[in-house]
S.K.: 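Sharing a structure with you now.
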Amino acid sequence: MLRQEKPSPAPHDSRFDSVDIPLLARRDGEKWAHAPEGVVSAWVADMDFPVLPAIRDALVRRADADLGYPAWFDDSDGGPLGEVYAARTLRRFGYAPEPAWVRMFTNINQAMAATVDAATEPGDAVLLNTPATPPFTDVIERLGRKPLTVPMERTSQGWGIDMDRMETLAAAHHCRVLFLVNPHNPTGHAFRHAELAQLADLACRRDLLVISDEVHADLVYAPHQHIPFASVNDEVADRTVTLTSGSKAFNLAGIRCAVAHVGPQKVRAAFDARRGLLFGQVSTLAVEALKVAWTQGDGWLDEVRTLLDRNRRALAERLPPEIGFTIPDATFLAWLDCRRLGLGDDPWIFFRDQAKVLLFAGTAFGPGGQGFVRLNFATSARVLQNMTDRIAAAVGPLRAG
């Protein structure tokens, strides 16, 4: 367990620390609506914070102006978000993607499914790391493709990947796609350049299409940094489809807008041949919200990341020592090893019933998830304190026994 970092002081009068449990319990979104009465919700990956005010104002202006059919039925030139995405990627990550290669989708899952469907055939294999967010393996299997899973490895230095096993599986099966989640959900690992270079080498030697989910890119904590996979070298850029949205960094999951930056020309052509009514379209309001987030949200995001940095460190201090926890390099998600508590494969049931805290079941994340839970710490200081107090009180009798 890497718990040597100490909690940083809470930001003074942070607007994000005003949220409390009674206020949150009245919400009707998935995160809180699925929590039983009296249970604190920390499962699905929504933040508890209020929306960026500029987004709210922009949506009101758009509603007062024009909610008719959008002018961008065809986004084969990058659409209304191509230039915005490219400028932001250069500004924040030092990489200049081609704006005209951007295509819009309703969310990451749809973009992933469309890419796999367009670029592979039934029976082809997709290489990915586990634990993996539940929709990903579900999408692969529903499309008739085969997921080849390689567990992330936990070491004294944090989480990492088993490159030898990745190589062995890619060679032994008809593998056509490498699906990368960078930063990784749920472990919070931000891939280092050396790791990405190894993966790029594998992809090029094995002629793999790379789908890189980079939706948590904005939520990397210093001294770590996000490195876009397509930036590793030109050869891998031409075989990489980068997916992102505002659903995590700006809490816009309900807006339903994502972008795919499509390096491979054949995949772009396949998308463009199927555009319009076949894939559906993102809404005018969704595009407006994401555009504002990416052009006016840096200050808001900096404040949120400061609070999340404080919370990840505070969580390491407050969790019972029997719960294994590596402080994440990125994201607002904690991957907790509860196997020492003797609660079986699904400890989330114990935490829901005894601690009154709703966590995400580790078994939902595939191989390697047994005995784990995922905890969302994107909340106020008082809610996090309440949550950890409940967990500690529930675990105490187990220790005594």
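Quick note: residue numbers are just sequence positions, from 1.
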S.K.: Got a sec: does the CG of Asp302 have more than 12 other heavy atoms crowding it under 6.0 Å?
M.R.: yes
S.K.: Would the number of heavy atoms belonging to other residues, nucleotides or ligands and lying under 6.0 Å from CG of Asp28 be above 12?
M.R.: no
S.K.: Could you walk me through whether Arg382 and Asp17 satisfy the side-chain contact (heavy atoms from CB on, under 4.5 Å) test, starting with their C-alpha distance in whole Å, then the side-chain angles of each, then the deciding distance to 0.1 Å, before giving a yes or no?
M.R.: CA-CA 7 Å; Arg382 75 182 76 178; Asp17 270 328; 5.8 Å; no
S.K.: Check the pair Asp389, Arg318 against salt bridge (Lys or Arg N to Asp or Glu O under 4.0 Å), reporting the backbone distance first and the verdict last.
M.R.: CA-CA 8 Å; Asp389 286 349; Arg318 296 171 186 164; over 6 Å; no
S.K.: Quick check against the 3.5 Å criterion: does Arg176 have a side-chain atom that pairs as donor or acceptor with the backbone of Ala119?
M.R.: no
S.K.: Determine whether Leu398 and Leu343 make a side-chain contact, defined as any pair of heavy atoms from C-beta on separated by less than 4.5 Å.
M.R.: yes
S.K.: Side chains of Thr284 and Arg62: any donor to acceptor distance under 3.5 Å?
M.R.: no
S.K.: Could you check whether any side-chain heavy atom of Thr89 comes within less than 4.5 Å of a side-chain heavy atom of Thr244, counting everything from C-beta outward?
M.R.: no
S.K.: State which residue, out of Asp218, Leu219, Asp213, fulfils the side-chain contact (heavy atoms from CB on, under 4.5 Å) condition with His216.
M.R.: Leu219
S.K.: Determine yes or no for a side-chain-to-main-chain donor-acceptor pair under 3.5 angstrom, with Asn182 supplying the side chain and Ile227 the backbone.
M.R.: yes
S.K.: Below 30° counts as parallel, above 60° as perpendicular, anything between as tilted: where do the rings of His261 and Trp101 land?
M.R.: tilted
S.K.: Apply side-chain contact (heavy atoms from CB on, under 4.5 Å) to residues Leu128 and Ile140 and explain how you reach the verdict.
M.R.: CA-CA 10 Å; Leu128 72 159; Ile140 294 168; 4.1 Å; yes
S.K.: Could you give me the CA-CA distance, side-chain angles and deciding distance for Asp48 and Ser380, then say whether side-chain contact (heavy atoms from CB on, under 4.5 Å) is met?
M.R.: CA-CA 8 Å; Asp48 287 337; Ser380 68; over 6 Å; no
S.K.: So, do Val232 and Thr240 sit near enough that their side-chain heavy atoms are less than 4.5 Å apart?
M.R.: no
S.K.: Please answer whether the main-chain N or O of Thr295 pairs with a side-chain N or O of Arg88 as donor and acceptor at a distance below 3.5 Å.
M.R.: no
S.K.: Check whether any side-chain heavy atom of Met166 sits under 4.5 Å from a side-chain heavy atom of Gln198, and report yes or no.
M.R.: no
S.K.: What I want to find out is whether Asp309 reaches Arg313 closely enough, with some N-O distance under 4.0 Å, to be called a salt bridge.
M.R.: yes
S.K.: Strictly distance-based, threshold 3.5 Å: is any side-chain N or O of Thr388 a donor or acceptor partner for the main-chain N or O of Gln385?
M.R.: yes
S.K.: Grab the two heavy atoms, one from Val282 and one from Cys257, that are nearest each other, plus how far apart they are.
M.R.: CG1-CA, 4.2 Å
S.K.: Just by modelled atom types, is the Ala361 backbone N or O under 3.5 Å from a matching donor or acceptor in the Asp346 side chain?
M.R.: no
S.K.: Could you point out which residue of Val139, Leu143, Leu209 forms a side-chain contact (heavy atoms from CB on, under 4.5 Å) with Val116?
M.R.: Leu143
S.K.: Quick check against the 3.5 Å criterion: does Arg239 have a side-chain atom that pairs as donor or acceptor with the backbone of Leu208?
M.R.: yes
S.K.: About how many Å separate CE of Met387 and CG of Leu359, when rounded to the nearest 0.5 Å?
M.R.: 8.0 Å
S.K.: Which one of Phe365, Trp348, Phe351 satisfies the ring-ring contact (aromatic ring centres under 6.0 Å, His included) criterion with Phe360?
M.R.: Phe365
S.K.: Please report the interatomic distance CZ(Arg154) to OG1(Thr326), rounded to the nearest 0.5 Å.
M.R.: 4.0 Å
S.K.: Are Phe136 and Phe179 an aromatic pair by the rule of ring centers under 6.0 Å?
M.R.: yes
S.K.: Counting only heavy atoms not in Arg205, do more than 12 sit closer than 6.0 Å to its CZ atom?
M.R.: yes
S.K.: Look at Glu288 together with Arg61 and state whether they make a salt bridge at an N to O cut-off of under 4.0 Å.
M.R.: no
S.K.: Over all heavy atoms of both residues, which pair between Phe16 and Pro50 is shortest? Give the atoms and the distance, please.
M.R.: CD2-CD, 3.9 Å
S.K.: Would you mind reporting whether Arg145 and Pro122 have side-chain heavy atoms less than 4.5 Å apart?
M.R.: yes
S.K.: What heavy-atom pair brings Phe105 and Ala260 nearest, and what distance separates the two atoms?
M.R.: CE1-CB, 3.8 Å
S.K.: Looking at CG of Asn251 and NZ of Lys31, how far apart are the two atoms once the value is rounded to the nearest 0.5 Å?
M.R.: 8.0 Å
S.K.: Quick one about Asn185 and Thr331 (side-chain donor to acceptor, distance below 3.5 Å, no hydrogens or angles considered), yes or no?
M.R.: no
S.K.: What heavy-atom pair brings Trp32 and Arg27 nearest, and what distance separates the two atoms?
M.R.: CB-O, 4.1 Å
S.K.: Return the CG to OG1 distance between Leu180 and Thr242, rounded to the nearest 0.5 Å.
M.R.: 9.5 Å
S.K.: Rounded to the nearest 0.5 Å, how far does CD of Gln110 lie from OG of Ser245?
M.R.: 12.0 Å
S.K.: May I ask you to check whether over 12 heavy atoms, not counting those of Glu153, lie within 6.0 Å of atom CD?
M.R.: yes
S.K.: Can you tell me how far CG of Leu252 sits from CE of Met47, rounded to the nearest 0.5 angstrom?
M.R.: 8.0 Å
S.K.: Is there a donor-acceptor contact under 3.5 Å from the side chain of Asp272 to the main chain of Ser76?
M.R.: no
S.K.: Between the main-chain N or O of Val150 and the side-chain N or O of Asn129, is there a donor-acceptor pair closer than 3.5 Å?
M.R.: yes
S.K.: Could you tell me whether the side chain of Ile161 reaches within less than 4.5 Å of the side chain of Leu199, counting heavy atoms only?
M.R.: yes
S.K.: So, for Thr130 and Pro367, which heavy atoms are closest and what is the spacing to 0.1 Å?
M.R.: OG1-O, 3.3 Å
S.K.: Could you walk me through whether Met112 and Val241 pass the side-chain contact (heavy atoms from CB on, under 4.5 Å) test, one step at a time?
M.R.: CA-CA 9 Å; Met112 176 200 179; Val241 178; over 6 Å; no
S.K.: Can you see which heavy atom on Phe332 is nearest to which on Ala45, and at what distance?
M.R.: CZ-O, 3.7 Å
S.K.: Within the 3.5 Å criterion, strictly below it, is a donor on Thr363 or Asp345 matched to an acceptor on the partner's side chain?
M.R.: no
S.K.: So, Asp329 and Trp159: side-chain donor and acceptor under 3.5 Å apart, yes or no?
M.R.: no
S.K.: Checking side-chain contact (heavy atoms from CB on, under 4.5 Å) between Asn376 and each of Asn311, Val44, Leu333, which is the one that passes?
M.R.: Leu333
S.K.: When you measure from the side chain of Arg103 to the backbone of Ala100, do you find a donor-acceptor pair of N or O atoms at a distance under 3.5 Å?
M.R.: yes
S.K.: Please tell me if the side chains of Trp300 and Arg15 come closer than 4.5 Å, counting only heavy atoms from C-beta onward.
M.R.: yes
S.K.: Go through it in stages, so that I can follow the logic: the residues are Phe229 and Phe191, the test is ring-ring contact (aromatic ring centres under 6.0 Å, His included), and I'd like the CA-CA distance, side-chain angles, deciding distance and then a yes or no.
M.R.: CA-CA 9 Å; Phe229 186 73; Phe191 285 88; 9.1 Å; no
